[in-house]
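Chain A is the first sequence line, chain B the second, and so forth, proteins listed ahead of strands; every chain is numbered from 1. In this text, all values refer to a predicted model and were calculated from it rather than measured experimentally.
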2 protein chains.
Amino acid sequence: MTTELKKSRGRPRVFDMDEALDKALNIFWERGYEGASLAELTETLGINKPSLYAAFGNKEELFKKALLRYATGPVAFVKVAMSEPTAYKVAQTFLVKAAEFLTDSQHPKGCMIVQGALSSGESAEVVRNVLIKQRASYENLLAERFMRAKIESDLPSDANPKDLAKYLATLHQGMSVQATSGATKEELLEMVNLALKAWPK
Amino acid sequence: MTTELKKSRGRPRVFDMDEALDKALNIFWERGYEGASLAELTETLGINKPSLYAAFGNKEELFKKALLRYATGPVAFVKVAMSEPTAYKVAQTFLVKAAEFLTDSQHPKGCMIVQGALSSGESAEVVRNVLIKQRASYENLLAERFMRAKIESDLPSDANPKDLAKYLATLHQGMSVQATSGATKEELLEMVNLALKAWPK
DNA sequence: ATATTTATTTACCGATTGGTATTTAATTAT
DNA sequence: ATAATTAAATACCAATCGGTAAATAAATAT
């Protein structure tokens with residue numbers, strides 16, 4: 001049963017919006033917001049500009065919708081890691097899954113939220129701030145998880161949840177750069193192994 | 001005595017090339033290669049395009065020259081860190097100086113070598129690869145320093161210099177993203193303190 | 001004084017940028 | 001059948017992109 005009831009009125013859309021969004025996501029992921037041109041987008045999606053604008057708004061809206069799809073799709077592993085039983089397990093799962101994800105050859109290397117708009121021109125200012133907030137939001141999730149761990153005596157009393165969260169976020173962001181620069185999964189996993197030695201006991 | 005003997009023949013250049021290069025460096029540093037437009041460059045340098053092209057070649061050459069100035073100027077602290085007497089001191093100095101440098105309000109936040117061209121369009125491909133090589137080169141310097149430390153029994157025999165180097169490089173690259181996203185020097189220094197706990201003894 | 005050399009200025013180039021108005025095609029409602 | 005609705009295709013827009021040709025200005029060499 002793949003059917004969808006559609007009693008839409010006018011001419012039916014000839015392309016699948018989710019498929020198109022996935023293709024757009026891949027381009028933004030690889031090129032960044034500014035580096036992805038409308039020409040490359042429309043060519044890859046197989047539609048022309050007016051169709052893209054009618055369906056998604058404009059380039060910025062398209063990016064935001066691709067970003068939402070990214071956050072709820074490929075990056076779902078973060079929330080999984082967060083629900084591990086102990087703080088150490090959370091950190092370990094987060095870093096290991098990140099190392100695997102960032103170097104996965106099934107999709108562009110690195111993290112779109114980290115690199116989608118880092119150093120960029122004025123035209124990317126809005127997107128840049130969206131991504132900054134998103135990164136801060138993930139870091140906050142980690143910090144809150146570690147605050148809980150402290151209450152549960154799962155972390156020493158002198159451990160600082162914010163520092164721990166920033167440590168993981170920084171490693172993740174660094175690994176994103178590493179992956180984009182050619183680092184392999186194995187290299188990152190070895191490094192993660194070392195990084196976990198800093199974890200408080 | 002700030003005099004320079006100059007018996008140049010034709011009309012003398014009216015701007016100082018080093019000053020201009022510094023201004024260009026600042027723009028590339030903040031905007032990245034693609035995000036920095038010729039318009040913004042010429043406007044900030046106070047010269048017009050033909051002068052810029054006559055003096056520096058083209059945009060790509062200008063970037064490379066600004067990059068060289070960056071590497072031999074602001075980023076000289078890396079070589080200083082490398083000459084600390086012990087491996088631990090090298091790591092500590094490298095991370096502490098990086099945290100201070102990346103958040104210094106005297107210049108753009110973050111590291112130009114990390115963020116100058118990360119996710120970008122085709123037009124930045126050459127520059128992107130130049131920066132990838134540069135990052136690898138710094139990581140190699142660290143690895144070699146830690147190989148020496150091992151020989152000097154300054155690191156345990158089971159320590160892996162390449163892993164240690166990648167650990168520091170990853171933290172540095174992550175801190176660059178953090179600094180660009182608003183992290184303060186204090187936050188990063190606290191995190192560095194935590195990160196150093198992973199160091200082998 | 002004149003020729004030569006080099007830099008600056010002005011004006012321009014084709015290509016590409018993100019974005020749209022207009023026309024045409026395909027569907028449902030009446 | 002016809003009107004209404006929605007999407008696709010073509011053709012276009014001003015603005016900006018990196019880059020340059022041609023003319024002018026300021027210095028030195030002869």
Nearest-angstrom distance from the residue atom CG of B/Leu52 to C1' of C/dA7: 13 Å

A/Phe56 six-ring face occupied by A/Lys65 cation (under 6.0 Å, within 45°): no

Geometric cation-pi criterion, B/Arg13 with B/Phe15: 6.0 Å, 45°: yes

Distance, rounded to the nearest Å, where B/Leu38 contributes CG and C/dT16 contributes P: 17 Å

5' priority, DNA chain C, between A/Pro12 and A/Glu60 [closest heavy atom]: A/Glu60

Spacing of A/Glu40 atom CD relative to C/dG19 atom C1', expressed in whole Å: 18 Å

Sugar-phosphate only, base, or nothing, as touched by B/Pro50 at under 4.0 Å among non-hydrogen atoms: base

Side chain of A/Arg13 - closest among C/dG19, C/dT8, D/dA7: D/dA7

From C/dT27, C/dT28, C/dT20, nucleotide with atom closest to A/Tyr53 side chain: C/dT20

Under-4.0 Å side-chain N/O to phosphate OP1/OP2 contact, B/Lys49 with D/dG19: no

Sugar-phosphate, base or nothing in reach of A/Ala55, heavy atoms under 4.0 Å: nothing

A/Arg11 side chain near C/dA25 phosphate (N/O to OP1/OP2, under 4.0 Å): no

Any B/Asn48 side-chain N or O less than 4.0 Å from OP1/OP2 of C/dT9: yes

Distance in angstrom units between A/Asn58 CG and D/dC13 P, rounded: 22 Å

Out of C/dT5, D/dC17, C/dG18, whichever nucleotide has its closest atom nearest the side chain of B/Ala39: D/dC17

Rounded distance in Å - CZ (B/Phe56) to C1' (C/dT6): 16 Å

Separation of atom CZ in A/Phe15 from atom P in D/dA8, rounded to whole Å: 5 Å

Aromatic ring pairing A/Phe94/A/His172, orientation class (parallel under 30°, perpendicular over 60°, tilted between): tilted

Nearest-Å distance for atom pair CG/P, residues A/Leu41 and C/dT16: 16 Å

Ring centres under 6.0 angstrom apart (B/His107, B/Phe101): yes

Distance, rounded to the nearest Å, where B/Lys59 contributes NZ and D/dT20 contributes C1': 17 Å

B/Ser51 vs C/dA7: side-chain N/O to OP1/OP2 distance below 4.0 Å: no

B/Phe146: which of B/Tyr167, B/Tyr88, B/Trp199 passes ring-ring contact (aromatic ring centres under 6.0 Å, His included): B/Trp199

